[in-house]
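First comes the structure, then the notes that go with it.
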Amino acid sequence: MKQIDLRSDTVTRPSREMMEAMITAQVGDDVYGEDPTVNRLEQTAAGLTGMEDALFCASGTQTNLVALLSHCQRGEEYIVGQTAHTYKYEAGGGAVLGSIQPQPLDFEKDGTLDLAKVEQVIKPDDFHFARTRLFCLENTQAGKVLPMDYLKEARSLADRHGLRFHLDGARVFNAAVKLGVDVTAITSLFDSVSCCLSKGLGTPVGSVLCGSGAFIARARRWRKMVGGGMRQAGILAAAGLYALSHNIDRLAEDHAHAARLAEGVSGIEAIHVDMDAVQTNMVHARIDADMTALTQHLAGLGICISPGNSVRLVTHLDIDVEDIDRAVAGFRSFF
Ligand SMILES: *Cc1c(COP(=O)(O)O)cnc(C)c1O
């Protein structure tokens, strides 16, 4: 029985074709700058995002961390969402390793940060305060696509206040595919962008950080310091190159599958789907049920979901339309 894992888009296994690309990759020592496949991935990622340069990292946590460290000095501050990955889910790396202070704000329902509230927390130049240096957004944010007009306003706010502007674009390709725009329409508004290769794009490992040449040079030193200088990393970069040329446009399928899943389970009385938030590859729902019993029932049918009454169901490369229908039937059979 095929396992249907809806917990996250990080659970994908590399395809045979991706593994073939990894096996046949030309490699060298990347700490010497001599891995041709890593170099090609970094050039490709920079080209795709319209940035000068890029840096291949072990994870999105690492790209976001070295971005924070490269933008902010000790005693400086970044404005960030209360539930943003760069604040809540990265073990406080910016504070621990950079003495960088977060200024969290609640996300609005649409995944944006209210720009009036952002403006209010920007500290004046006064020795009582940390120096506000950086403004971070996330796109997609919990599967929601930030509107382009909003992003442009956010960019001009950053400019008005002399802030640097970072995007946690773990799923920025999902956002671009959903909007039907070239990803540069989004990324070119930012000073730096982190993109995950190991989410919807389906690689086993890796993220890229993109930005100016000078910024990436600083990030490269920080990456070395936090243990991210990898050697024959071309094996991993080859998966990233494969993903960037084969797995971007198909994200539309994941979005269609999420819509079908949302539609299917929203017909069940005990499942309350936030339909406004079903925009890309995630379905958020509140389920009025004994979740231990439900997860066990689903597990018996080969369907894996995260525990908890507030559940996030995520579609990805290893989920096809039959799997969606099997999952919906699985939920129905429980209720
Ligand atoms: C997954 C994710 C990251 C990076 O996570 P890693 O597991 O460290 O690769 C960053 N931001 C968001 C929004 C994410 O979903």
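All figures in this text were calculated on a predicted structure; none of them were measured in a lab. First listed ligand is number 1; within each ligand, the first listed atom is number 1.
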What's the verdict on side-chain contact (heavy atoms from CB on, under 4.5 Å) for Asn281 and Leu251, showing C-alpha distance, side-chain angles and the deciding distance? CA-CA 8 Å; Asn281 68 331; Leu251 292 170; over 6 Å; no

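- Heavy-atom proximity to Ser59, at under 4.0 Å, picks out these atoms of ligand 1: 8 (O), 9 (O).
- Of all the atoms in ligand 1, the ones that sit under 4.0 Å from a non-hydrogen atom of Glu138 are 13 (C).
- Near Arg171, meaning under 4.0 Å from any of its heavy atoms, are these atoms of ligand 1: 15 (O).
- Those atoms of ligand 1 that come under 4.0 Å of a heavy atom in Asn64, given as number and element, are 10 (C).
- Using a cut-off of 4.0 Å between Lys/Arg side-chain N and Asp/Glu carboxylate O, Arg218 and Asp191 are scored as not salt-bridged.
- Under a 4.0 Å heavy-atom criterion, Gln141 is not in contact with ligand 1.
- Where the criterion is an N or O separation shorter than 3.5 Å, residue side chain and backbone included, Lys199 meets it with respect to ligand 1.
- At under 3.5 Å, a nitrogen or oxygen of Asp168, whether backbone or side chain, sits near a nitrogen or oxygen of ligand 1.
- Below 4.0 Å from some heavy atom of Thr61 lie the following atoms of ligand 1, by number and element: 4 (C), 5 (O), 6 (P), 8 (O).
- With hydrogens and angles left out, the side-chain atoms of Asp323 and His257 include no donor and acceptor closer than 3.5 Å.
- Atom-to-atom distance recorded for Glu138:CD and Phe107:CZ is 5.0 Å, nearest 0.5 angstrom.
- Among Gln62, His85, Glu90, the residue whose heavy atom lies nearest to atom 5 (O) of ligand 1 is His85.
- Ser70 approaches Trp222 most closely through the heavy-atom pair OG-CD1, 3.3 Å.
- At least one N/O-N/O distance between Gly60 and ligand 1 falls below 3.5 Å.
- Thr132 and His161 are not linked by any side-chain donor-acceptor pair at a separation below 3.5 angstrom, with hydrogens and angles left out of the test.
- Nearest approach of Arg7 to Ile305, heavy atoms of both residues: CG-C, 3.6 Å.
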